[in-house]
Amino acid sequence: MRVAADPGLYDPENPLPTLHGSRCDACGTTFFPPLGIGCEICGAGAEGLRAVPLAAAGTLHSLATVYVHAGEDIEAPFTVAEVQLDDGPLIRGLMSEPATIDAIGSRVAAQWAELRTDADGNDVVEPRFRIEDRGDAGGGAA
Ligand SMILES: [Zn+2]
């Protein structure tokens, strides 16, 4: 089975990644990661925040590709992206493969990436964004 690399942020049971967000009843702002102590926009208390699932899909807002990385958790090159989710928040995540600046404005959606297998034989997963559709339309689908 799948287990989340970061269980607080997404639910590995779903076939496609769904993020754990929170929404403020008072001002309607949606947050990711979910807030616990109260709304940072209007100051409403924690009782005014509701857990909401956020679809891991939106528009590629900006990106940075890392070519040299000392950690062993991920192999360079890889692309860190900011994605404007359809459900509201601007979030940061990883692309499934390195992307270039011309991809900005494209539709992206996350799929599960298997990072490793844990001691119990479970697949440890996290969402990675993939380009669904080029923002400039025309000449893309080769
Ligand atoms: Zn609020």
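Everything numeric in this text was worked out from a predicted model, so none of it was measured. Both ligands and their constituent atoms are indexed starting at 1 by order of listing.
Leu54 places none of its side-chain heavy atoms less than 4.5 Å from the side chain of His20. Contact annotation: the side chain of Cys42 never approaches that of Thr29 to less than 4.5 Å [non-hydrogen atoms, C-beta and beyond].
By the 4.0 Å N-to-carboxylate-O rule, Glu114 lies too far from Arg116 to be salt-bridged with it. Between Arg107 and Asp86 there is a salt bridge, since a side-chain N of the basic residue sits under 4.0 Å from a carboxylate O of the acidic one.
Only protein atoms were considered; those of element N, O or S under 2.8 Å from the Zn ion (ligand 1) number 4.
Using a 3.5 Å distance cut-off with no hydrogens or angles, the side chains of Thr59 and Gln84 do not pair a donor with an acceptor.
Residues in residues 53-81 take part in these ring-ring contact (aromatic ring centres under 6.0 Å, His included) pairs, two or more places apart or across chains: His69-Phe78.
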